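Have a look at the structure below, then the notes.
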Amino acid sequence: MSLTRRDFLKIAAVTGGAVAATTPVVKSVLALGKKPVSLPQYVPTTCEMCFWRCGVIAKIVDGRVVKLDGNPIHPNSRGKLCARGHGGIGLLYDPDRLKTPLINTGARGEAKFKKASWDEALGIVAEKMKKIKENYGAESIALLTHGTISTYFIHLLQAYGSPNFAFPSFALCRGARDAAFEITFGEAVGNPERLDLQNSKVIVLIGSHLGENAHNSQCQEFAEAVGKGATLIVLDPRFSTAAGKAKYWLPIKPATDLAILLAWTNVIINEGLYDKDYVLKYTYGFAEVAQAVKEYTPDWAEKETDIPASLIVETAKILGKNKPHILIHPGRHTAWYSDNVQRQRAVAILIAILGAYGRPGGIYLNPKKKLEPVFLSEKDYPDHKPALNKGKYPFAGEEGVTHEIVRATITEQPYPVKAWFTTGINIMKAMPNQIDTMKAIQKLDLLVAVDMMPYESVILADIVFPECTYLERHDDLFVLKERALGVSIRQPVVEPMYDTKPGWWIAKELGKRLGLSEHFPWNNFEDFLKKKAQAWEIDYSELSKKGYIDFPESAKPYILSGEDYKFKTHSGKIELYSKELKEHGFDPVPKYTKHEQPPEGWFRLIYGRSPVHTFSRTTNNPSLWELMEENVAWINAKIAKSIGLKHGDYIVLVNQDGVKSNKVKAKVTERIRPDCIYLVHGFGSTSKLLHKAYLRGADDQQLITRYAIDPIGGTVGMRVNFVKITKEV
Ligand SMILES: Nc1nc2c(c(=O)[nH]1)N[C@H]1C(S)=C(S)[C@@H](COP(=O)(O)OP(=O)(O)OC[C@H]3O[C@@H](n4cnc5c(=O)[nH]c(N)nc54)[C@H](O)[C@@H]3O)O[C@H]1N2
Ligand SMILES: Nc1nc2c(c(=O)[nH]1)N[C@H]1C(S)=C(S)[C@@H](COP(=O)(O)OP(=O)(O)OC[C@H]3O[C@@H](n4cnc5c(=O)[nH]c(N)nc54)[C@H](O)[C@@H]3O)O[C@H]1N2
Ligand code: SF4
Ligand SMILES: [Mo]
């Protein structure tokens with residue numbers, strides 16, 4: 001059962017939102033001198049089982065978290081959590097958690113650790129950092145990071161003098177989409193994406209496997225739209241969960257999506273089905289697009305994609321006739337091939353000519369209000385050398401490029417990299433080409449991991465700092481750009497277990513030992529949060545009680561009819577033709593590029609999500625492991641028959657470079673094209689310290705020894721590997 005908004009407001013009225021605060025009811029019972037009765041306490045906080053960051057209400061009985069529910073007033077959860085959100089309790093009480101700081105006494109990866117005190121472990125890391133700075137410069141220390149902890153460690157590194165950090169969420173995830181939207185509309189589509197799904201008449205999913213990709217409120221709105229009869233068109237070589245709800249499942253040949261996007265544009269323009277007024281008023285470069293797509297006819301696209309021309313025309317007409325209430329999902333994990341930005345540009349152009357940006361059922365606008373940044377400290381960072389990826393990819397953005405850190409570490413160009421910090425990232429699972437990652441690691445004088453669980457990054461580290469879980473700590477406030485602007489709080493619902501500490505504390509203590517105390521001018525993180533709330537004119541105690549506060553007057557979802565709306569591009573218009581791309585030597589309007597297809601007897605390796613796991617990070621979670629213990633390899637039934645493979649047989653996959661996977665069960669199914677094999681990402685852990693996940697299933701990343709870099713934004717194409725099936729396990 002999920003909490004309703006009314007239930008929660010009643011609960012919020014009696015609980016302070018603070019960890020140890022006994023409720024007034026409990027206090028009155030104690031005052032009567034009776035045996036303490038444990039009435040449940042309810043504390044709101046923010047989930048970090050993935051990056052959707054739903055509002056959570058934790059139910060605590062006798063100091064133990066017994067249930068997590070969705071916060072009904074939080075727009076990302078709307079009273080519900082996904083399975084992984086509920087599974088937060090499994091993380092909190094996982095017996096395999098990191099419990100103390102650790103010092104590696106063996107070789108990297110051997111997992112021979114000695115327990116250490118915080119003072120000892122922090123002291124060792126600080127001394128090594130000082131030596132590296134003396135010998136090579138502070139920029140030789142790099143940070144690979146993901147999640148909330150990034151805020152504190154990027155701050156620490158910059159204060160020490162290094163500009164080198166990278167998130168997997170750019171190059172390996174949504175970077176191409178964000179670059180394409182910034183080029184076209186002058187702004188990214190946001191996280192959560194600003195999708196007006198609940199009002200869409202037609203929804204197009206290109207990959208975007210909603211239902212397996214369990215982003216909570218997006219799945220709720222998607223279900224609502226399907227329930228209201230929206231027409232769903234799914235492009236996926238695999239019959240995904242979403243394809244099961246679709247009117248049109250188009251099992252596209254992988255790597256050819258740009259062909260159908262350009263052919264749809266061709267039909268919509270030729271048939272005059274685009275939004276003429278919108279195009280005239282708000283876009284730049286329509287004539288160039290119309291000219292460029294002339295060659296991309298449905299007949300041509302049929303040969304590229306395997307989708308019949310008649311279906312391409314039929315679906316294009318549906319899009320045109322229902323404009324502007326069209327939701328062409330801009331995607332999230334868009335690190336597919338070498339032309340990710342151009343594919344995403346084609347999506348953006350289609351959205352624009354259908355008039356679906358800033359319109360009901362399309363993409364809604366950012367809220368009107370902004371909250372000014374409040375920094376961890378006011379002190380300036382020292383000067384430093386240019387970052388490793390400086391000048392390499394003109395549209396790479398601010399989040400860094402993971403493979404540039406790996407490359408520079410191996411080649412020592414443009415300068416040596418001697419230390420890595422990995423905070424909230426599993427480098428072996430997130431980044432392609434594990435062979436290169438290991439080569440780079442051999443070059444390091446120091447490898448530090450800050451994590452909660454002994455995944456692969458941890459067993460490779462020299463020093464391990466155990467962070468407490470999101471249910472045991474404060475973190476920075478989260479600003480949400482839903483239809484209205486809002487702020488969400490993370491606060492401890494129980495005290496940290498074992499000898500674990502919050503990320504902000506670890507960064508501050510390390511900073512202290514490096515002479516950087518002035519960059520951490522607060523004792524307790526809650527003091528900083530209160531200062532921030534004050535600057536934003538938010539009542540902190542109300543935020544702490546409710547978990548979420550919004551500014552309803554900030555919502556301005558749609559462009560009004562005839563409004564003189566200015567986009568944040570150079571021209572103030574939507575740039576269908578991009579002068580910016582042209583100036584950098586790239587195609588100003590997307591052109592089709594052919595990608596290599598698997599040779600006879602080989603299959604393209606594709607991958608995606610399970611609704612009950614997040615990447616590798618939940619594979620050992622006792623509650624979620626029970627729901628799915630290992631992944632399986634999806635193989636087309638005809639192929640299986642031709643090689644005598646039965647459903648449930650164990651197989652091994654071998655890639656084009658001879659790399660073999662761990663054994664994995666075959667899922668023999670009609671639900672996938674014969675030219676692909678599909679794995680859920682994140683499995684096949686090689687960490688012996690994980691009693692549930694160790695060697696369960698196959699690791700897609702192990703087989704991704706090749707990757708294709710998109711020169712526009714430095715994003716990575718990871719679906720360019722081919723595998724064979726062997727039955728030798
Ligand atoms: N449960 C759960 N949900 C999650 C996450 C999680 O770990 N677990 N992670 C979150 C994150 S950070 C991200 S980035 C998103 C990722 O989720 P999405 O952005 O939805 O990922 P995609 O890569 O678009 O979708 C994977 C689908 O693409 C299909 N596919 C493979 N190759 C092709 C191709 O060439 N063309 C087409 N059209 N389809 C193809 C696959 O068969 C699969 O169904 O999920 C988010 N949601
Ligand atoms: N082959 C392949 N590669 C991929 C993807 C894919 O689908 N296939 N997906 C890509 C995408 S879209 C993304 S976003 C990235 C995701 O990349 P990552 O975010 O690195 O994903 P995980 O594998 O879950 O590793 C997360 C690590 O952080 C730790 N962790 C989790 N929460 C916390 C916390 O609160 N504090 C600390 N200190 N540590 C924490 C976990 O224990 C784990 O060790 O991977 C990318 N790489
Ligand atoms: S989508 Fe699920 S895992 Fe992600 S934040 Fe929301 S409840 Fe947590
Ligand atoms: Mo992602």
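Bear in mind the structure is a predicted one, so any value in this text is a computation, not a measurement. Both ligands and their constituent atoms are indexed starting at 1 by order of listing.
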For [atom], what's the nearest protein heavy atom and its distance?
| atom | answer |
| --- | --- |
| atom 28 (O) of ligand 1 | Gly207 CA, 3.5 Å |
| atom 14 (S) of ligand 1 | Cys173 SG, 3.2 Å |
| atom 40 (C) of ligand 1 | Pro237 CD, 3.3 Å |
| atom 31 (C) of ligand 1 | Arg719 NH1, 3.2 Å |
| atom 10 (C) of ligand 1 | His215 NE2, 3.4 Å |
| atom 38 (N) of ligand 1 | Asp257 OD2, 2.7 Å |
| atom 6 (C) of ligand 1 | Arg609 CD, 3.0 Å |
| atom 4 (Fe) of ligand 3 | Cys50 SG, 2.3 Å |

Check this for me - ligand 1, [X], N or O atoms closer than 3.5 angstrom, yes or no?
| X | result |
| --- | --- |
| His209 | yes |
| Leu235 | yes |
| His333 | yes |

Quiz item: Just which atoms of ligand 1 are under 4.0 Å from any heavy atom in Pro611?
Solution: 1 (N)
Quiz prompt | Atoms of ligand 1, numbered as shown, that sit under 4.0 Å from any heavy atom of Ala255 | solution =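 So the atoms of ligand 1 that pass are 35 (O).
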Quiz item: Can you tell me if an N/O/S atom from Cys54 lies under 2.8 Å from atom 8 (Fe) of ligand 3?
Solution: no
Quiz item: Counting heavy atoms only, which of Leu605, Asp236, Thr334 is nearest atom 42 (O) of ligand 1?
Solution: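 Heavy atom nearest to atom 42 (O) of ligand 1 belongs to Asp236.
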Self-check item: Pair His209 and Phe239, ring centroids less than 6.0 Å apart
Solution: no
Quiz item: Which bit of Ala214 is near ligand 3, meaning a heavy atom under 4.0 Å away: side chain, backbone, both or neither?
Solution: backbone
Quiz item: Relative to ligand 3, is Arg53 under 4.0 angstrom through side chain, backbone, both or neither, heavy atoms considered?
Solution: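 It is the backbone that gets close, since no side chain atom is under 4.0 Å.
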Quiz item: Backbone, side chain, both or neither: what part of Phe51 comes under 4.0 angstrom of ligand 1, heavy atoms only?
Solution: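 No part of Phe51 comes within reach of ligand 1.
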